[in-house]
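Have a look at the structure below, then the notes.
Only a predicted model underlies this, so the values are computations on that prediction, with no experimental measurement involved. When a residue number appears, it is its place in the shown sequence, counting from 1.
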Amino acid sequence: MTVLRELMRASHQSLKHDFEVTVPATDGLVQICAAAFARTRCCANDWRGGFGGAIVCLCRTDDIASITKAVEENTKNNLI
């Protein structure tokens, strides 16, 4: 998972900085998941080559509740 997390992080950073095709909403979701995986073991990346839409967040089944809670709390507080 560590190698996959680093590859997905690098991929998102490339989409964001090299190609400039991400949007604030997906950047925010990736950041929320990144902060949550400091406490869990997941990785996240913008999906479909940027241009908004979706992210992929891979985590263990035991971590789904933590990730879901982090996303819900941050979207409720309009942080993305």
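In this structure, M8 and V56 approach most closely via the heavy-atom pair CE-O, 3.6 Å. Residues C57 and I67 share a closest heavy-atom pair of SG-CG2, 4.0 Å. The two residues H17 and E20 have their closest heavy-atom pair at O-CG, 3.7 Å.
The shortest side-chain heavy-atom distance between K16 and T26 does not fall under the 4.5 Å cut-off.
The CZ atom of R9 lies 10.5 Å from the OG atom of S14; values are rounded to the nearest 0.5 Å. The line from CG of D27 to CD1 of I55 is 10.0 Å long, rounded to the nearest 0.5 Å. Distance check: L29 CG to T75 OG1 gives 8.0 Å after rounding to the nearest 0.5 Å.
With a 4.5 Å cut-off between side-chain heavy atoms of Ile, Leu, Val, Met, Phe, Trp and Tyr, the cluster of V3 takes in L7.
Evaluation of the side-chain contact (heavy atoms from CB on, under 4.5 Å) rule for E72 yields T68 as partners, not counting sequence neighbours.
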